[in-house]
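Report on the following structure.
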Protein chains: 2
Amino acid sequence: MATIYEVAELAGVSPATVSRVFNGTRVSPENAERVRQAAAKLSFTPNRTARTLRRQHSEVIALVIPDIENPYFTEMARGVEDVAQEAGFSVVLCNTDSQPAKEATYFQIALSESMAGMIVAPASSRSDLASVIGRGRPVVTVDRTTDFDVDAVVMSNRPAGRAATDALYQAGYRRIACITGPEDIDTAYERAQGWKDVVTRHEMFADPAEYLRYSTFGVDGGVKVVTDLLALPEPPDAIVAANNLLGVGALQVLTERELTPLRVGVAVIGGLPFTTLPPSAVTVVRLPARNMGVTAARILIERIKGDTQPARTIVLRNQLVPGRHRVAP
Amino acid sequence: MATIYEVAELAGVSPATVSRVFNGTRVSPENAERVRQAAAKLSFTPNRTARTLRRQHSEVIALVIPDIENPYFTEMARGVEDVAQEAGFSVVLCNTDSQPAKEATYFQIALSESMAGMIVAPASSRSDLASVIGRGRPVVTVDRTTDFDVDAVVMSNRPAGRAATDALYQAGYRRIACITGPEDIDTAYERAQGWKDVVTRHEMFADPAEYLRYSTFGVDGGVKVVTDLLALPEPPDAIVAANNLLGVGALQVLTERELTPLRVGVAVIGGLPFTTLPPSAVTVVRLPARNMGVTAARILIERIKGDTQPARTIVLRNQLVPGRHRVAP
DNA sequence: ATGAAAGCGCTAACAT
DNA sequence: ATGTTAGCGCTTTCAT
């Protein structure tokens, strides 16, 4: 790979001038042109490693997510990417598998690669952002919040849980269960609270807890807990799934037993990825995944550029898309 | 961030010794211990940027894929990740959107960040790997091949097309159409050829081309061309979809018109992501996505470590999972 | 086994 | 506007 020294020599200028040309500082038009020619001839590309070492920060943003196979997060990634690209940053995706240890490793790597900043969907409420923040790198959390004083982009989870549950109640269901993710993930908890608000208001159950299941935010989790719920002495007549993958799991079980769309109503918080179901079969609360990515990236880039206002939490809105449920007679 | 100089001072040794401790070269046990203590006290982490600049290669592998939202590629990514992590590399995911320009940009970035190597699912047959190869960086292509002399991990596409089509024929379908991806992507072309082999053998159509549709490898593409096919004077009674997303698109249209599973048979090359369909409704040719990632990563890492044997192409096997189709009377 | 020192390629003072 | 130069933090000869 050619260096600025070789380009400088070929163009008959100093290395500093070459550097200036590639960094937008003032250079006489003639020199700039000669440098560009020389660079082209040598097919010179600035060495980003050297630049990063010198500048103490790179032009890459780390996006740390718990599950790269979850379309919710990849959609978010697209949003981040589009904004970042626009601003001249590249995005690297880091998959933590919801494991705090893997997550911590990626934090270390991001730091020691001097990445410009980080967008994190924390693996758990105890994710340790301290080291990153301590080093002064900008961090924005998405989807979930933490106890750290950083910008966060989230959505209205409890209202989402309420909306989903309400829609099923309006459709005539009267024993609405809820399946959600790990209790220590705030989205899982809050959405379930939203469900609880509604079932409590309608005095649906003597003990709502009986019809609430914590699980993993995955298809397998959904399959397991729905199977559980159906084995209850008085099984639910509808189910609120607190994320897309739980929804898929639930629908798999119900479809197999031919309980949906008719006999058991389903509402999902999150879009159903690659669904082949008729849209009317299921109530969906659309989450602004892409927009969360976009918003987080914008904030992060502002921070990278030096914005120092106090940390904000931005709450995005969801959109209810009711199914046309028909309660079995 | 602490540097080796500070660690060296605290441990009472030279920076070189500190470096040696962190690189596994011989250091006296006592010194090694003192360095480790000092490093821990300062919570020192080696600066990867500096290391990369000096060594001329980093410890990260770029995985360049056309569509990060396609579960086929994310599954592959998991395979790559697992192997890479094991070997001490981190993986960064680069999404090209099937755009050669974006792809070229990521190649440049990978080079100028001195990444250790690259695994690429080429956006098109004309992807320009020349610059990367020219710089001596190891490259492995996955899923698709190119004209460049590099290692490739692919699967048996034409046989997959044949198997899918055969399964539908065995089930009794007699007007089997095929929807596939862009003609210049070899997987799209080869799978269609496999379909052609079978329909030609059975003299199914006067002109098979009429029942073959090239499109994009996306859900929208599937919706569009299946809608097309159904408008034919003599519409097909079954459809082979050449990838997972086309399959989803096809199933969306057919479900909406209540043509599947009974009236129109469907076979998909690639797993159906997050499906809620009963497994018996569709014939599926399972692709070894994860295994391709694993294999590619292993080869790449060997290359990074200095393996110089001639480039190989490894062809992985697929697995037919026939549906229980029932042809409408 | 250890240390001294050069240098990876770049940027940013500073000097002109 | 341009050149000179120090140095970002590390690894790696080359001495000892």
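Naming convention: chains lettered A, B, ... in sequence-line order (proteins, then strands); numbering from 1 in each chain. Computation of the quantities below employed the complete heavy-atom set of this structure, encompassing side-chain atoms and omitting hydrogens, waters and symmetry-equivalent molecules.
Between A:N47 and A:T3 there is no side-chain heavy-atom pair separated by less than 4.5 Å. In this structure, the side chains of B:N243 and B:N70 come closer than 4.5 Å at one or more pairs of heavy atoms.
Separating the CZ atom of B:F22 from the P atom of D:dC10 is a distance of 9 Å, rounded to the nearest angstrom. Rounded to a whole Å, the CD atom of A:E6 is 11 Å from the C1' atom of C:dG9. Distance, A:E9 CD to D:dG3 C1': 15 Å, rounded to whole Å. Note: CZ (A:R26) to C1' (C:dA12) measures 18 Å, nearest angstrom. What separates CD1 of A:I4 from P of D:dA6 is a distance of 16 Å, to the nearest Å. Following rounding to the nearest Å, B:L53 (CG) and D:dC8 (C1') show an atom-to-atom distance of 9 Å.
Within 4.0 Å (heavy atoms only), A:R20 reaches at least one base atom of the nucleic acid. Within the nucleic acid shown, A:F44 comes within 4.0 Å of sugar-phosphate atoms alone, with no base atom in reach, counting heavy atoms only. Looking at heavy-atom distances under 4.0 Å, B:S19 makes contact with a base.
Between C:dT11, D:dT2, D:dT12, one nucleotide has an atom nearer to the side chain of A:T17 than all others, and that is D:dT2. Each of C:dC10, D:dT4, D:dC8 was ranked by its minimum atom distance to the side chain of A:A16; first place goes to D:dT4. Comparing C:dG9, D:dA1, C:dC10 against the side chain of A:R51 picks out C:dC10 as the nearest. If you check C:dT2, D:dC10, D:dT2 against the side chain of B:S28, the one that comes closest is C:dT2. For B:N23, the listed nucleotide lying nearest its side chain is D:dT11; candidates were D:dC10, D:dT11, C:dG3. Taking every side-chain heavy atom of A:R55 into account, C:dT11 is the closest of C:dA4, D:dG9, C:dT11.
Checked against side chain to side chain donor-acceptor pair (under 3.5 Å), B:T45 has the following partners two or more places apart in sequence or in another chain: A:Q108.
Of the side-chain N and O atoms in A:Q56, none sit less than 4.0 angstrom from OP1 or OP2 of C:dT11. Look at B:N31 and you'll find a side-chain N or O under 4.0 angstrom from OP1 or OP2 of C:dT2.
Heavy-atom minimum distance, B:A11 versus B:R34: O-NH2, 3.1 Å.
Residues A:Y72 and A:D143 have side chains that bring a donor and an acceptor to within less than 3.5 angstrom of each other.
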